[in-house]
Amino acid sequence: MEKQSKVVFRNVGQLYFPQTRVECHYSLTSDHHWSSSDWIGLFEVGWSSVKDYYTYTWALAPEGYTKGTDVNCCALFHSSYLPRPSATEYQFVYVDERGEVCASSRSFTFCAPKPLEELETMKAEQGEEEEDGAEELLLVIPKAQLLQSRLEECLKEQADLKQALEAATKDKDTDREKSEEDRKEWECEREAMREEISELRENLRIKCEMLKRMEGKHQDVKYNQESLSSELNNLLAEKAESQQQIKDLQDEIKVLIDRRIEEDTELQRMKERMKKMSSQMKHEEGKIKSLQGENGSALSEIRGLQERLVASEHIAESLRRELRELGAQQGHTHTELHQARLQVAQLTLQLSEENLILREERANWALEREAYKQAAEADKKKLQELSCDVQRKEEWLQEERMEREKLEVELGSERDCSRVLLNDAKREVQELKSSVRKLQKESEQQQQEKQDLLDCIRQLEQKLETASEAKSAHSSSSEDDKASSETDSIQSEGDTQDEKKLCLGPKPAEVKVLLLTHLNPALR
């Protein structure tokens with residue numbers, strides 16, 4: 001039968017004892033599709049059909065097995081179903097659910113242990129407080145049983161090492177997930193900062209445009225102010241001219257009033273003269289005719305003077321009206337000029353406030369940008385340190401795998417010829433247990449220290465957030481950020497190294513050295 005590569009038998013011995021159970025170790029590759037109907041049979045060499053098995057057992061997969069992955073398994077053949085000691089050669093055969101042969105092992109035989117050479121003499125287990133001079137109790141047990149117990153202990157240690165390896169891989173996965181989450185959070189914060197910077201730039205652009213518009217308005221206001229000042233100067237000049245004209249008209253009115261008073265006095269005198277002349281009318285008719293002519297001319301002159309007086313009054317009234325209109329227009333121009341001055345003052349005040357706000361925003365933006373740069377550098381350092389730690393863990397795991405494979409090969413080759421004292425093995429187990437307890441205590445202490453460090457990191461992050469908002473304490477906050485990032489990196493490196501020591505436990509190389517030191521006296 002051709003040997004398939006889907007299933008590989010491991011550590012198959014040349015001799016087995018039927019009085020003890022037989023362990024069949026095998027590995028399932030990723031190409032094999034395991035089923036609960038797969039079985040392993042014990043066949044005589046030269047078999048022709050899968051029905052020619054001597055005995056069989058189900059090929060069970062370990063817990064948590066997933067299809068498409070490589071896994072190591074173990075099947076047990078109990079002593080009651082094994083053949084008797086003979087020279088007949090047997091082999092293990094793996095058969096899948098369809099009845100196809102996936103793999104077959106090398107041949108081996110079953111033989112009985114010799115009565116003297118296969119027995120071991122050992123001391124019986126005594127209490128811790130043994131009296132001085134007491135006789136030691138000796139036990140004689142089969143070598144196969146001793147080797148079987150030692151093999152079970154080795155398998156148990158291998159399972160412990162496997163659990164430690166799985167715990168290390170889990171810690172590695174959690175660290176990787178945590179670093180990925182930190183990286184995603186950092187990217188989200190960076191995107192938020194970019195959006196905030198874009199918004200600030202947009203606000204700055206809008207403020208600049210508003211400032212330009214306000215400057216244009218300010219220029220327009222200045223131009224309007226200059227035009228109003230020129231109009232005001234013109235109005236003041238016109239007002240001075242109108243006032244001068246009013247003064248001239250007032251002087252003319254005074255002259256006319258004086259002339260009218262003089263004419264009234266002259267009229268009174270003429271009336272008196274008419275009274276005097278009426279008494280002398282009869283005597284002086286010729287004089288009367290001349291007086292009547294003078295009187296008519298005087299009346300015509302009076303009428304002309306009255307008409308001129310009325311016209312001057314109309315002109316004075318029109319001039320007073322114009323003067324009132326000029327005064328109202330001047331008051332209106334004064335109010336407009338005052339309002340324009342107020343608007344210019346408000347615009348200058350708003351412009352100064354906008355400039356002050358713009359300077360403050362620029363300073364805040366510069367401070368925030370510096371803080372963001374420092375945070376980004378710290379995050380980059382953390383990511384580099386985490387990547388280095390992951391790489392070191394991967395290298396260490398590769399070395400552990402190689403050492404474990406070497407240890408398995410050496411244990412498989414030295415299992416039939418090893419002789420170990422039971423008391424030394426138990427003492428080693430006790431030492432290993434005590435070391436495991438110490439490691440567990442150290443792990444608990446390190447977990448507590450790690451939790452404290454995480455709390456300190458959170459507090460430092462909160463302090464950094466508050467420090468970024470404070471303007472005056474920026475220099476001190478930047479120094480605290482650098483110190484916190486350095487302490488964080490140092491503490492994270494210490495935590496990773498302690499976790500590596502905790503999760504790994506005793507290395508297989510150390511277990512190998514201990515086993516060889518106890519096996520060498522037996523081999524001598």
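Everything numeric in this text was worked out from a predicted model, so none of it was measured.
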Would you mind writing out the side-chain donor-acceptor pairs for residues 52-59 within the sub-3.5 Å range, not counting sequence neighbours?
residue : atom : partner : partner atom : Å
Asp52   : OD2  : Ser48   : OG           : 3.2
Asp52   : OD2  : Ser49   : N            : 3.2

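One finds the OG atom of Ser104 at 7.0 Å from the CH2 atom of Trp47 (value rounded to the nearest 0.5 Å). With rounding to the nearest 0.5 Å, the separation of CG in Leu165 from CD in Glu400 is 8.0 Å. Distance check, rounded to the nearest 0.5 Å: CG of Leu358 to CZ of Arg362 gives 4.0 Å. Expressed to the nearest 0.5 Å, how far CD of Glu180 lies from CG of Asp173 amounts to 12.5 Å. Summarising the geometry, atom NE2 belonging to His218 is positioned 11.0 Å from atom CG belonging to Leu211; distances are rounded to the nearest 0.5 Å. Atoms OH and CD, on Tyr16 and Glu23 in that order, are 9.0 Å from each other to the nearest 0.5 Å.
Looking only at distances, a side-chain donor or acceptor of Thr29 sits under 3.5 Å from a matching main-chain atom of Lys6. In this structure a side-chain-to-backbone donor-acceptor pair under 3.5 Å is missing from Arg21 to Leu76. For Asn72 (side chain) and Ser27 (main-chain N/O), no donor-acceptor pair under 3.5 Å exists by modelled atom type.
Ion pairing between a basic and an acidic side chain is recognised when a charged N comes within 4.0 Å of a carboxylate O; Asp455 and Arg458 show such pairing.
Taking the six-membered ring for Trp, Phe108 and Phe110 have ring centres closer than 6.0 Å. With ring centers used as reference points, Phe92 lies under 6.0 Å from Phe77.
Heavy atoms from other residues, nucleotides or ligands lying under 6.0 Å from CZ of Arg201 number 12 at most. More than 12 heavy atoms of other residues, nucleotides or ligands sit less than 6.0 Å from atom OH of Tyr65.
When all heavy atoms of Thr20 and Leu82 are compared, the closest pair comes out as O-CD1, 3.5 Å. Contact between Ser107 and Val45 at its shortest, heavy atoms only, is CB-CG2, 3.8 Å. Nearest heavy-atom pair, Thr66 versus Thr69, reported as atom, atom and distance to 0.1 Å: O-OG1, 2.6 Å. Considering every non-hydrogen atom in both Cys73 and Arg10, the closest pair reads O-NH2, 4.2 Å. For Ser79 against Pro18, the heavy-atom pair with the smallest separation is CB-O, 3.2 Å. Residue His32 comes nearest to Asp38 through the heavy atom pair NE2-OD2, 3.2 Å, listed as atom of the first residue, atom of the second, then distance.
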Are Lys441 and Glu444 close enough, and set up right, to give a salt bridge (Lys or Arg N to Asp or Glu O under 4.0 Å), and what steps lead you there? CA-CA 5 Å; Lys441 290 181 181 178; Glu444 291 175 357; over 6 Å; no

Given side-chain contact (heavy atoms from CB on, under 4.5 Å), test Arg106 with Gln14 step by step and report yes or no. CA-CA 8 Å; Arg106 68 178 184 178; Gln14 296 179 354; 3.9 Å; yes

Val93 and Val50: CA distance, side-chain angles, deciding distance, side-chain contact (heavy atoms from CB on, under 4.5 Å) verdict: CA-CA 9 Å; Val93 178; Val50 294; 5.9 Å; no

Kindly indicate, with the supporting measurements, whether the criterion side-chain contact (heavy atoms from CB on, under 4.5 Å) is fulfilled by Ile40 and Val95. CA-CA 6 Å; Ile40 299 173; Val95 183; over 6 Å; no

Checking side-chain contact (heavy atoms from CB on, under 4.5 Å) for the pair Gln158/Leu155: CA distance, chi angles, key distance, verdict? CA-CA 5 Å; Gln158 183 181 0; Leu155 291 173; 3.6 Å; yes

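Residues satisfying the side-chain hydrogen bond (donor to acceptor under 3.5 Å, both in side chains) test with Glu187, not counting sequence neighbours, are Arg183.
Applying the salt bridge (charged side-chain N to carboxylate O under 4.0 Å, His left out) rule to pairs touching residues 209-225 yields Arg205-Glu209, sequence neighbours excluded.
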